[in-house]
Structure formats: C-alpha cells, structure tokens
Amino acid sequence: MNWDRLGKAAHKAAETPIIERFVDPNRAREFAVEAGDLLFDYSKTSMDEAGRSLLLEMFDEAAIPLRRQAMFGGESINETERRAVLHTALRNPGAAPAMVDGQDVMPGVLGTLGRMETFVEGVRDGSIRVTGGKVTDVINIGIGGSDLGPAMAALALAPYHDGPRCHFVSNVDAAHVNDILLPLRPETALVIVASKTFTTIETMTNADTVRKWIGESVGDVDSGSHFVALSSAEDRASAFGIGPERVFGFEDWVGGRYSVWGPIGLSLMIAIGPEAFRSFLSGGHAMDMHFQAAPPLQNMPVMLALTGLWHNQGLGYATRAILPYEQRMSRLPAYLQQLEMESNGKGVSMNGSELPVHSGPVVWGEPGTNGQHAFFQLIHQGTRVVPCEFMIGAAGHEDALAHQHRLLVANCLAQSEALMRGRTLSEATAMLADSFSGEELERQARHRVFPGNRPSTTLAYPSLTPFVLGQILALYEHRVFVEGAMIGINSFDQWGVELGKALARDLEPVVSGEADAGGKDASTAQLVSFVHRHAG
Ligand code: F6P
C-alpha cells in the first residue's frame, strides 16, 4: 500500500482552498453519498477527483470486498483471538443464514431475541414482577461496550421511552453506584448485570454492591427475581447466583463494543419496547445490506472511511471531532470513541509487524451548540486542523418547538460553512473600520481573522428514530472495519487494555496497605504514600 503516495496527493490537493472546489457546480452532488434516507456530504473537504481515485485504488488493492465477505461469512477474521466477527447476525432477524464453523447461528440468535422479547414484554406489562410488584427502575451494571451502547441509545431514543426508567452504573467509583441507588427503591428495581466475560472488576464489584443493597431490603432468599445477566459466561453468572433462565447469552463472535444489538441491548429494549428495538435492528441491517451491495463510490461506510484515511493518514490530522447536534446524541461521541479507538488504536499489523502508517485517530466530541461555546474556538482559529464530523436531523421530536430545531440546524450548517470560508484580514478590517483606525485597527482585525479552509463532513438524517440510529451505528462500525482493514490491523481485539488491568490488580493491596510499594517506581510510590496520608 503506497501511503506516501496518498500523503503527497492529499497535501497537493490541500493547496487548493476547499471553497474553490465549489466553482465546479457538481462538487456538492458528486462528493456526497446517499444510503436509504441518510445523506453523507464530504464535499467540504480538500479531497479532489485524483485523491479520491487513489483512495479507491488503495481500497481495491487492500481487497476490502474479500475481507468484508470473510466477515459476513463468519470466518475467523479476529485472528489474534481466533474468533469470527458476526455482530451483524444480531440485526438480521428472519433473514439469511449466518454461518460460523459450518453452523447457522441464526436459530440461536432468533431464539435469544425471542426470549428477550418475552421477558421484556413481561417486565413492561407487569406480569414479571419483583418483590415490590411491578418493575419501576432498571439498573444496568456494565462498562465499556456493556454500558456505552445501551446508555447512549436509551438517551438518543428518549422520545420512544415508554417502559420503566433505566439507569446505568459503570465506573467502579463508589460515587457512581451510590448516586444512582440513592433515589431508588430496591423492592421495585430490576438489576441487569451486563458483562460478556463476567470477570470485569468494575462490573463485578458494582454488582456485589447492588446485590447487597437489594438483599438488605428484600432478603437474600428473595432477591433472585431482581437479577438478570447478559453474558457469554453462563457458568460465571450462575456462580454469581443468576440461574440459566435469567441469563441472556451471546457468543464470542460478538465483540463488546459491537454488542448493543443483542442481549447487551436488553435495557434499551425494556425502555423502548420490542417493536422499536426491532426497528433499531432493521436500521443496522439496512446499512449492512447497503455496505455489501453498493459500489465503493456510492457506498457510505466506504466513503466515510476513505475520508477518514484522507485526513488522518493522508494529511496527518491526528484527531477527529464527532459533533452530533442533537442533545440526545450526547453520549454518541463516547460510544464512537470506544468503537473507533479500541478497534483501530493499534501499533502493529495483522502479521505482527509495525504499522506502515499511523493508527486510527483520536476521536472526541460533544453535542454541537454546546461545543460551539467551548472548544470550537480552537477548531476555528487554533494552529492545528481538526476535521469535524457534523450530524444533524432535519426534524426534531418537539413539534411545538420546531423553531428551536430550525435554529439548531442553522447553527450546524453555519459552522461547516464558517470553517470552510473563514474570514480574511481585509474582511475583518472592513468590519472594524468604524471602531478603530491605523495600527490598532490592524491589530484588532488580526484577532478576528479566521483562516478557513478547515475540513468537515456532514451526515444528515430525517429525524432520530430507532431505525435511523441503527443505520448510523452500523455506518460507523463499517467505517471502522474499512479503515482498519486498509491500515492492515485487527480491528476486533483490544490487547491494549490489559496491562493497566493487571497493574491495578497488583496495586490494589498496595493501596489497601496490605503490601508495600517496594519494586514500584518512585512516582507511583510517592502517589501511594500521598493517598495513605490523606485517605483517613
Ligand atoms: O477492558 C475493555 C473491555 O474488554 C471492552 O472491550 C469491553 O467492552 C469492556 O471491557 C467490558 O467487558 P465485559 O463485557 O466483559 O465486562
């Protein structure tokens, strides 16, 4: 793969101001892709015809369609863990067989989905009861992929939320579980212990705390009706005291950060109901079909990925900002942070050799207009370029407040326009001519210059429905897949999280005072000693 060639092509194209690309009347149409009712516009970037052709050549060279086929075909493409990658099967209700090791996994997937639906109906209509009667509050205990997906989606789909209230506990910080439990009644709470491995220390510690909280109120003997487990490890769930009839399992071919579509989405299903959850799955499935069928240039995940490679590997922009404009999407940047950074934040290729090019970028973001009043300053005038990924719905859910949504849309579009256009020194000078003169005029004007020519993309959707959210999440999953495959890494393992976990296990007795800090570096020993002096 000729990454140098990409770098040269991208730097050359970037010499032309983005706005000048629009002298071509077809620019906007030709540098945009539609998939279903989504529109992805990447015309406000420096990508030109030549650069795009090169990226498409590289896409062919990397044989991405073959790799995609291998993924959907259930081959063990997660080579370091020797696992298939088939979360797409979870959103394939009733459709074609999905094979792993010669076996169709769909009967199992549909069976679990059916069990989840029966359980969820029972919780929602009150026929499944806890000791205090009908479930009023659901507490999902999980972290990473066992938290971010359902927490993000439950918030995004708040207008569809007609089930019991849902709460999410993730951090091992006692403050998190404490503050969530404080206003709740244990007698009417349903606790979901969500952990693929059922070994994650944060989740198991919080689960123990919540089990005690329930037990103290309803008695240990009766607390069983309050618990459900979502896990691949039925034996560990059973050792925790949750029987098989209350375990919703999934296979090792569902990675944690790709798991919201299956049992890990149980809290979301309880919130919005099985029908809306199915619509969420259908949105994801529609994107899967598009990803497999559309030619590269009309393929939204492919073009989103190629735009990402253009900015990061081509132009060296180290970060990308995810800027959903709707407040209900406020957890999406965190969700995509795990999806992208845990997937493509690797330093070696599949064969173990050093990567020939940078790994995936730093992904960060916040809902739009809040960001405008905080970090957009740097995006507009700072010395580093941050490619922005805007997202906006044409309509909101608050019909009576449609004027506010129009303002939201105007702000989103204005930002991408401002980033591209900028403001020249002569424009700034003219603007201030009534207030200043001479040297002071120029000095003041310089502060009001915007370099412009800052790239952004916009993903537009009709409104934030379960179907649309499903489309968006699957779009980003496949973008990560294409970027990872083109860089040559395994996007489906996460060895980089292990070292810190192991050291935390070693340090716990040191922090507790049961072991000394001998053997630790002086900085760590100093911090431990500070904690001992101040912990009380
Ligand atoms: O430590 C990282 C990680 O393994 C993530 O990949 C995963 O989503 C999260 O921890 C939670 O894991 P589990 O569902 O097994 O508790």
Side-chain angles (χ1 to χ4, degrees), residues 77-87 90 112 116 139-153 168-173 176-177 191-211 227-240 242 247-268 331-346 359-360 363 473 476-477 480-481 484 489-508:
I77 64 165
N78 174 359
E79 291 178 18
T80 58
E81 295 180 311
R82 298 182 199 282
R83 288 177 185 166
V85 174
L86 212 54
H87 50 275
L90 301 175
T112 303
M116 285 168 68
I139 305 167
N140 186 86
I141 305 173
I143 197 165
S146 299
D147 165 71
L148 286 163
M152 173 275 297
F168 295 88
V169 176
S170 50
N171 200 328
V172 76
D173 182 355
H176 198 185
V177 65
V191 182
I192 299 177
V193 185
S195 176
K196 179 176 170 182
T197 54
F198 234 73
T199 57
T200 304
I201 190 86
E202 291 91 336
T203 300
M204 299 328 295
T205 307
N206 279 322
D208 278 340
T209 299
V210 176
R211 181 167 56 180
F227 283 87
V228 173
L230 316 175
S231 186
S232 303
E234 203 177 286
D235 49 342
R236 292 197 195 108
S238 148
F240 181 86
I242 304 176
V247 180
F248 297 91
F250 51 103
E251 305 293 329
D252 67 2
W253 38 260
V254 179
R257 54 195 175 274
Y258 298 89
S259 61
V260 64
W261 313 97
I264 292 295
L266 190 76
S267 51
L268 175 65
R331 294 299 286 155
L332 186 73
Y335 174 83
L336 293 182
Q337 218 164 37
Q338 185 196 16
L339 181 66
E340 298 227 17
M341 294 171 74
E342 200 165 71
S343 297
N344 287 345
K346 322 266 162 79
S359 61
V363 174
L473 301 190
Y476 270 83
E477 284 180 0
V480 163
F481 169 83
I489 62 181
N490 178 1
S491 298
F492 300 103
D493 59 12
Q494 56 283 319
W495 299 109
V497 301
E498 296 301 330
L499 178 58
K501 284 186 195 173
L503 293 185
R505 271 194 299 274
D506 287 357
L507 265 166
E508 207 273 327

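In each ligand, atom 1 is the first atom listed, and ligand 1 is the first ligand listed. The chain is numbered in sequence order, starting from 1.
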Any donor-acceptor pair under 3.5 Å linking the side-chain atoms of Arg257 with those of Ser343?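 There is such a pair (donor and acceptor under 3.5 Å, judged by atom type) between the side chains of Ser343 and Arg257.
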Given side chains that start at C-beta, do those of Val254 and Trp261 come closer than 4.5 Å, heavy atoms only?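 In short, these two side chains do not touch, never coming nearer than 4.5 Å.
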Taking the side chain as everything from C-beta on, heavy atoms only, tell me whether Val177 gets closer than 4.5 Å to Val210.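 Heavy-atom side-chain distance check passes, below 4.5 Å.
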Hey, is the main chain of Asn344 close enough, under 3.5 Å, to the side chain of Ser491 for a donor-acceptor pair?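 No; judged by distance alone, with no hydrogens or angles, the pair does not exist.
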Using a strict cut-off of under 4.0 Å between a residue heavy atom and any atom of ligand 1, list the qualifying protein residues by chain and number.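 For ligand 1, the contacting residues are Ile143, Gly144, Gly145, Ser146, Ser195, Lys196, Thr197, Thr200, Gly256, Gln338, Glu342, Gln494, Val497, Lys501.
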Students often mix this up, so state it plainly: with edges at 30° and 60°, are the rings of Tyr258 and Phe492 parallel, tilted or perpendicular?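 If you compare the ring of Tyr258 with that of Phe492, the planes turn out tilted.
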Axial cation check for Phe240 ring with Arg211, 6.0 Å and 45° limits: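 Cation-pi check for Arg211 and Phe240: passes.
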